[in-house]
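Worksheet for the structure shown next.
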Amino acid sequence: MAYPDDLLSDGERVVAHRHPHFKMLIFPVLALLVTVGAAVALALLARDADPPWDLVGLVAAGVVGALLVVWLFLTPFVRWRTTHFIVTTDRVIAREGVLKRTGIDIPMARINSVRFEHGLVDRIFGCGTLIIESASDEPLTFDDIPKVERMHTLIYRQVNDNPHDDFQRHDEHPRPETGRWDDGGRDRPGPYPGQPGGPDPRAGR
């Protein structure tokens, strides 16, 4: 069973599944390019050296370059790839780490509020910070969430148990002739038919 489906309980389904925004990989990618370029330049210089220093220089450039690639690129990439932010119909799931795996589950019923923050740079990249406040717990902060406003709306709608509209009540139905929502007269201002001052219920028969 594919991840994160193996985390779901009966009747639970995934609403959204995201990795952190790719902006967290910008510096690792730049580091990769610089490291590869420097290693190639050192290898070319070492090739012109006298034996056995030419071989020593090539080996040194390759080893140092490989270590830097692992440290500066592969480690951040694996961390990004193994970090998951998941919204289901029942909870919010966060998982991260490879050797040391950490995670947290927040039931929708325990979420008191959800808000987002994003500065100018985050708005340019289309990401931001999501802050979830749950009952009796400190606010939880999740950084670099892609399309953070969309994610905020999805969680808000799940918390309010309405995946389609933030304010529509479940017992409302659209009127075929107008397309407007009819609440069955519950919130319609009186007087009602049959009450003093109200319309005659026999009218129009």
Side-chain angles (χ1 to χ4, degrees), residues 1-37 67-168 170:
M1 184 178 296
Y3 191 89
D5 293 341
D6 55 346
L7 301 177
L8 304 181
S9 57
D10 293 340
E12 186 179 13
R13 63 179 180 84
V14 173
V15 177
H17 177 199
R18 299 286 188 272
H19 296 289
H21 195 271
F22 72 86
K23 81 167 190 176
M24 69 178 297
L25 295 177
I26 292 178
F27 289 110
V29 170
L30 291 177
L32 172 65
L33 297 177
V34 171
T35 300
V36 171
L67 291 176
L68 289 176
V69 167
V70 171
W71 178 37
L72 299 177
F73 176 74
L74 286 182
T75 299
F77 177 79
V78 172
R79 186 184 301 118
W80 171 83
R81 192 66 180 86
T82 57
T83 300
H84 303 265
F85 185 83
I86 305 162
V87 178
T88 76
T89 51
D90 297 341
R91 53 187 165 150
V92 173
I93 304 171
R95 298 287 188 272
E96 63 178 322
V98 181
L99 300 179
K100 181 182 178 182
R101 191 74 170 161
T102 61
I104 185 172
D105 292 9
I106 310 172
M108 291 294 177
R110 292 180 59 86
I111 295 178
N112 290 334
S113 66
V114 54
R115 57 191 176 92
F116 67 89
E117 297 176 352
H118 54 181
L120 178 60
V121 175
D122 287 338
R123 293 178 65 182
I124 292 174
F125 283 102
C127 63
T129 299
L130 198 64
I131 303 169
I132 298 177
E133 297 183 7
S134 58
S136 71
D137 290 328
E138 293 294 327
L140 299 173
T141 301
F142 303 93
D143 298 322
D144 295 327
I145 300 296
K147 299 181 180 179
V148 66
E149 293 189 46
R150 170 66 175 168
M151 190 67 69
H152 168 270
T153 300
L154 289 175
I155 296 176
Y156 177 84
R157 290 176 174 175
Q158 293 301 319
V159 169
N160 286 275
D161 196 25
N162 192 342
H164 302 297
D165 190 279
D166 290 351
F167 307 104
Q168 171 194 339
H170 292 289

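The analysis underlying the following values was restricted to heavy atoms, covering all of them including side chains, and did not include hydrogens, waters or symmetry mates.
A distance of 5.5 Å separates OG1 of Thr35 from CG of Leu72, quoted to the nearest 0.5 Å. Distance OG1/Thr141 to CD/Glu133: 9.5 Å, rounded to 0.5 Å. Separating the CG atom in Asp5 from the OG1 atom in Thr88 is a distance of 11.0 Å, to the nearest 0.5 Å. Here the CG atom belonging to Leu68 is positioned 10.5 Å from the CG atom belonging to Leu32, to the nearest 0.5 angstrom. With rounding to the nearest 0.5 angstrom, the CH2 atom of Trp80 is 10.0 Å from the CZ atom of Phe22. Taken to the nearest 0.5 Å, the CZ atom of Phe85 stands 12.5 Å off from the CG atom of Asp144.
At a threshold of 4.5 Å between non-hydrogen side-chain atoms, the residues Pro139 and Ile131 count as touching. At a threshold of 4.5 Å between non-hydrogen side-chain atoms, the residues Ile93 and Leu7 count as touching. Taking 4.5 Å as the limit, every side-chain heavy atom of Leu154 sits out of range of all side-chain heavy atoms of Glu149. The shortest side-chain heavy-atom distance between Val92 and Ile111 falls under the 4.5 Å cut-off.
A donor-acceptor pair under 3.5 Å is formed between the side chain of His152 and the backbone N or O of Val114. No donor-acceptor pair under 3.5 Å is formed between the side chain of Arg123 and the backbone N or O of Gly119.
Remark: the Glu12 side chain and the Thr89 side chain contain no N/O donor-acceptor pair separated by less than 3.5 Å. Remark: the Glu117 side chain and the Thr129 side chain contain no N/O donor-acceptor pair separated by less than 3.5 Å.
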- [ ] Could you give me the CA-CA distance, side-chain angles and deciding distance for Arg13 and Val15, then say whether side chain to side chain contact (heavy atoms under 4.5 Å, CB included) is met?
- [x] CA-CA 6 Å; Arg13 63 179 180 84; Val15 177; 4.3 Å; yes
Task: Trace of the side chain to side chain contact (heavy atoms under 4.5 Å, CB included) decision for Leu8 with Asp90 - done: CA-CA 9 Å; Leu8 304 181; Asp90 297 341; over 6 Å; no
TODO: Using the side chain to side chain contact (heavy atoms under 4.5 Å, CB included) rule, take Arg101 and Arg95 through it: C-alpha gap first, then chi angles, then the decisive distance, then the call.
DONE: CA-CA 7 Å; Arg101 191 74 170 161; Arg95 298 287 188 272; 3.5 Å; yes
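With sequence neighbours left out, the side chain to side chain contact (heavy atoms under 4.5 Å, CB included) criterion links Arg18 to Ala16, Pro146, Met151. For Arg79, the side chain to side chain contact (heavy atoms under 4.5 Å, CB included) test picks out Thr75, Pro76, Thr83, with sequence neighbours left out.
For His19 and His21, the ring centers are positioned 6.0 Å apart or more.
Nearest approach of Ser134 to Asn112, heavy atoms of both residues: C-ND2, 3.7 Å. Scanning all heavy atoms of the two residues, the minimum distance from Gly128 to Asp122 falls at CA-OD2, 4.1 Å. Heavy atoms only, all atoms of each residue included: Arg91 and Ser9 are closest at NH2-N, 4.3 Å. Across Thr82 and Val78, no two heavy atoms sit closer than the pair OG1-O, 2.8 Å. The nearest pair of heavy atoms linking Phe77 to Leu25 is CA-CD2, 3.9 Å. Contact record, His17 with Pro4: ND1-CD, 3.7 Å, taken as the closest heavy-atom pair.
A salt bridge does not link Asp143 with Lys23: every distance from a Lys NZ or Arg NE/NH1/NH2 to an Asp or Glu carboxylate oxygen is 4.0 Å or more.
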